[in-house]
Amino acid sequence: MVQSIPEITLNDGLSLPVIGLGTYKLKGNEGANSIVSAMESGYRLIDSAYNYENEGTIGESVRRSFVPREELIITSKLPGRYQNYEKAVTTIQESLYRANLDYYDLYLIHWPNPKQDTYVEAWQALIDAKKSGLIRSIGVCNFLPEHMERLEKETGVKPSINQIELHPFFNQATQRKWHVENNIATESWSPLARANQVLQNDSIQKIADHHNKSISQIILRWHYQLGAISIPKSSSPARQLENISIFDFSLNDTEMSMISGLTRPDGKINNQDPAIYEEF
Ligand SMILES: NC(=O)c1ccc[n+]([C@@H]2O[C@H](COP(=O)([O-])OP(=O)(O)OC[C@H]3O[C@@H](n4cnc5c(N)ncnc54)[C@H](OP(=O)(O)O)[C@@H]3O)[C@@H](O)[C@H]2O)c1
C-alpha cells in the first residue's frame with residue numbers, strides 16, 4: 001500500500017516530504033532493492049552522501065523505480081576533504097556522474113569543519129551550482145547558528161535546511177528554536193538514535209501501547225509534530241512501511257513533553273560536537 005506523506009516548503013520554495021529514507025550503508029544491488037521498495041511504499045525523499053559511497057546505488061534505484069524522477073527529492077552531501085571552491089565545484093559534478101543524474105534536488109555541506117575554515121567558499125560553490133541548474137536547493141548539516149550566520153553575511157544566501165542529529169535522547173531544543181526564528185528547516189539524522197536503547201524505553205512503550213503503534217512510530221510522529229523532517233534508515237520493506245505509517249494518530253502535549261524530556265547532555269550517539277568535530 002502506498003502511503004501519502006505530508007510535505008513542507010523550504011525558504012527557497014522547494015517542497016519535500018516530512019519523512020524520507022536514510023541510506024547510510026544501503027549499497028549495491030541489495031541496497032538498490034531496498035531503496036526501490038521504499039519508493040514503492042511511498043518514500044519520495046532519499047538522503048545520501050558522497051561519503052556513503054552509494055550515489056551510484058541511488059541513481060540505479062531511481063532508474064529501477066516506477067516513480068518519475070520529478071517526483072523524487074534526491075539528496076547528496078559534500079565531504080570535508082573537498083571543502084574549497086574549486087574542489088566543491090568538481091565534487092558536485094562527480095556526485096552527479098556517479099548517480100548518472102542531471103541534477104540533485106538537495107545538496108548539503110556534510111560538516112562545517114570549523115578548524116579547516118573553508119565552509120564559506122564551499123557554500124559559494126553550492127550557490128553557483130544552484131544557479132547553473134545542477135542543484136535545486138542548497139543546505140547544510142551539523143552547522144551551528146554562528147556558522148549559518150556567517151554564510152548569510154558573507155554570501156547573502158542562507159541554507160534552506162540544516163540536517164542535525166536529533167532523537168529523543170538529544171532533542172536539540174535550542175538549535176530548533178533558532179531554525180524556526182531564521183526560517184531554516186530542521187532535518188533529523190539518526191531519528192531513531194540508530195535503534196539504540198531508545199527503542200526499549202519503557203515510557204515510550206507505554207505511549208506506543210496506548211496508540212497501538214510501535215516505539216519507532218511514536219518517535220517518528222514526535223519528530224513530525226516538532227516540525228522536523230526525519231530520514232529513518234531501514235533496509236527492511238516492512239520497517240520502511242511502518243516508519244511512514246504515522247499520519248493516522250497524534251501525540252498530545254503531555255506525550256510530546258515526556259518524549260522531549262528524555263534528552264540528556266550526553267545523549268549524542270557518538271559525541272560529535274560540530275564546534276570541534278571534523279569529518280573529511
Ligand atoms: N548528516 C550527517 O552527518 C548524518 C549522520 C548520520 C546519519 N545521516 C543520515 O541519516 C540517516 C538515518 O540515520 P541512521 O541510519 O544513522 O540511524 P536511524 O535511522 O536512527 O536508525 C537506523 C537503524 O534503525 C533500524 N530501524 C529502522 N526502522 C526500524 C523500526 N521500525 N524498528 C526497529 N528498528 C528500525 C535500522 O535497521 P534495519 O535497516 O535493519 O531496519 C537501523 O539499524 C542515515 O542513514 C543517513 O542518511 C546523516
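Here, residue 1 is the first one in the sequence, and each next residue gets the next number.
- In terms of modelled atom types and a separation under 3.5 Å, the side chain of E278 and the main chain of Q116 share a donor-acceptor contact.
- In plain terms, the two heavy atoms of S37 and Q240 that are nearest each other are OG-OE1, 2.7 Å.
- The closest donor-acceptor contact from the side chain of E165 to the backbone of I269 lies under 3.5 Å.
- Considering every non-hydrogen atom in both A275 and P114, the closest pair reads O-CG, 3.3 Å.
- To the nearest 0.5 Å, the span separating OG on S160 from CG on L108 amounts to 7.5 Å.
- Counting heavy atoms from C-beta outward, P168 and T263 have side chains that stay 4.5 Å or more apart.
- Q163 and H110 are not linked by any side-chain donor-acceptor pair at a separation below 3.5 angstrom, with hydrogens and angles left out of the test.
- Within the structure, every pair that satisfies the salt bridge (charged side-chain N to carboxylate O under 4.0 Å, His left out) test and touches residues 196-213, not counting sequence neighbours, is listed here: K213-D248.
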Begin with the C-alpha distance, continue with both residues' side-chain angles, and end with the deciding distance and a verdict on side-chain contact (heavy atoms from CB on, under 4.5 Å) for Y43 and I244.
-> CA-CA 8 Å; Y43 287 80; I244 53 172; 3.4 Å; yes
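- Here the closest heavy-atom approach between residue P17 and residue I229 is recorded as O-CG2, 3.6 Å.
- Cation-pi geometry between R221 and F249 is satisfied (NZ or CZ under 6.0 Å from the ring centre, within 45° of the ring normal).
- With hydrogens and angles disregarded, no donor-acceptor distance shorter than 3.5 Å links the side chain of T57 to the backbone of A32.
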Show your working on side-chain contact (heavy atoms from CB on, under 4.5 Å) between V198 and H167 and close with a plain yes or no.
-> CA-CA 9 Å; V198 80; H167 45 75; over 6 Å; no
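- Put simply, I74 and F66 are part of the same group of oily side chains (I, L, V, M, F, W, Y) that touch within less than 4.5 Å, one to the next.
- Here the closest heavy-atom approach between residue Y104 and residue A99 is recorded as OH-CB, 3.4 Å.
- Here the straight-line distance linking atom CG of N84 with atom CZ of R81 works out to 13.0 Å at 0.5 Å rounding.
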Would you please test S260 and W222 for side chain to side chain donor-acceptor pair (under 3.5 Å) and show each step?
-> CA-CA 8 Å; S260 295; W222 171 80; 3.0 Å; yes
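- In this structure, CD1 in I109 is found 6.0 Å from CG in L151, a value given to the nearest 0.5 Å.
- Environment of CG in D273: crowded, with over 12 heavy atoms of neighbouring residues, nucleotides or ligands closer than 6.0 Å.
- Taking 4.5 Å as the limit, every side-chain heavy atom of N271 sits out of range of all side-chain heavy atoms of D266.
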Show your working on side-chain contact (heavy atoms from CB on, under 4.5 Å) between R194 and N270 and close with a plain yes or no.
-> CA-CA 11 Å; R194 274 195 193 150; N270 285 324; 3.7 Å; yes
Taking it one step at a time, do S48 and E55 satisfy side chain to side chain donor-acceptor pair (under 3.5 Å)?
-> CA-CA 7 Å; S48 69; E55 290 165 313; 5.3 Å; no
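- Between Q217 and S245 the shortest side-chain heavy-atom distance falls below 4.5 Å.
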Side chain to side chain donor-acceptor pair (under 3.5 Å) between Q3 and S41, intermediate numbers included | CA-CA 6 Å; Q3 292 283 317; S41 295; over 6 Å; no
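- Hydrophobic clustering (side-chain heavy atoms under 4.5 Å, transitive across Ile, Leu, Val, Met, Phe, Trp, Tyr) groups F247 together with I231.
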Start with the C-alpha gap between I92 and K87, add the side-chain angles, then the distance that decides, and say whether side-chain contact (heavy atoms from CB on, under 4.5 Å) holds.
-> CA-CA 9 Å; I92 292 164; K87 286 182 180 164; over 6 Å; no
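- Residue pairs meeting the side-chain hydrogen bond (donor to acceptor under 3.5 Å, both in side chains) criterion with at least one member in residues 168-180, sequence neighbours excluded: N162-H179, Q175-H179, K177-E181, H179-T186.
- One hydrophobic cluster, built from ILVMFWY side chains closer than 4.5 Å, cannot hold both Y24 and L192; they sit in different ones.
- The backbone N or O of V157 lies less than 3.5 Å from a partner atom in the side chain of W123, making a donor-acceptor pair.
- Here the side chain of Q83 pairs no donor or acceptor atom with the backbone of N113 at under 3.5 angstrom.
- Comment: D105 does not engage R44 in a salt bridge, judged by the lack of any side-chain N to carboxylate O separation of less than 4.0 angstrom.
- In this structure, R239 and S234 approach most closely via the heavy-atom pair CB-OG, 3.3 Å.
- A continuous path of ILVMFWY side-chain contacts below 4.5 Å connects V140 to I164, so both sit in one hydrophobic cluster.
- With hydrogens and angles ignored, the 3.5 Å screen pairs no side-chain donor or acceptor of N182 with any backbone N or O of I184.
- Within the 3.5 Å criterion, the main-chain N or O of V67 finds a donor-acceptor partner in the side chain of S65.
- Ion pair K77/D47 flagged as a salt bridge, since at least one NZ, NE, NH1 or NH2 atom sits closer than 4.0 Å to an Asp/Glu carboxylate oxygen.
- Counting side-chain heavy-atom gaps under 4.5 Å among Ile, Leu, Val, Met, Phe, Trp and Tyr, Y103 is found in no cluster with other residues.
- Remark: the Q225 side chain and the S250 side chain contain no N/O donor-acceptor pair separated by less than 3.5 Å.
- L134 contributes atom CG, which lies 11.5 Å from atom CG of L101 (distance to the nearest 0.5 angstrom).
- A salt bridge between D12 and K130 is present, with a side-chain N of the basic residue lying under 4.0 Å from a carboxylate O of the acidic one.
- Atom NZ of K268 has more than 12 heavy atoms from other residues, nucleotides or ligands within 6.0 Å.
- Scored by the ring-ring contact (aromatic ring centres under 6.0 Å, His included) test, Y119 finds F143, H147 as partners (sequence neighbours excluded).
- How far OG of S15 is from CD1 of I73: 8.0 Å, rounded to the nearest 0.5 Å.
- With salt bridges taken as basic N to acidic carboxylate O contacts below 4.0 Å, one links R98 and E94.
- Not one N or O on the side chain of Q205 forms a donor-acceptor pair closer than 3.5 Å with the backbone of I215.
- A distance-only check finds no donor-acceptor pair linking the side chain of T75 to the backbone of Y107 [under 3.5 Å].
- With hydrogens and angles left out, the side-chain atoms of N201 and Q197 include no donor and acceptor closer than 3.5 Å.
- Side-chain rings of Y50 and Y82 approach one another, their centers coming within less than 6.0 Å.
- The ring-ring contact (aromatic ring centres under 6.0 Å, His included) test applied to Y277 returns W111, not counting sequence neighbours.
- Under a 4.5 Å side-chain heavy-atom criterion applied to ILVMFWY residues, the cluster that includes Y85 comprises V89 as well.
- Interatomic distance, L16 CG to S137 OG, rounded to the nearest 0.5 Å: 8.0 Å.
- Both L14 and I5 belong to a single network of hydrophobic side chains, linked directly or stepwise wherever heavy atoms of I, L, V, M, F, W or Y lie under 4.5 Å apart.
- Looking only at distances, a side-chain donor or acceptor of N11 sits under 3.5 Å from a matching main-chain atom of N183.
- Ionic pairing of R64 and E60 is present here: one or more N-O contacts between side-chain nitrogen and carboxylate oxygen are shorter than 4.0 angstrom.
- Here the shortest heavy-atom pairing between L96 and D102 reads CD2-C, 3.8 Å.
- Between the side chains of S34 and S235, no donor-acceptor pair of N or O atoms lies under 3.5 Å.
- Summarising the local packing, CD of E30 is surrounded by 12 or fewer heavy atoms from other residues, nucleotides or ligands at distances under 6.0 Å.
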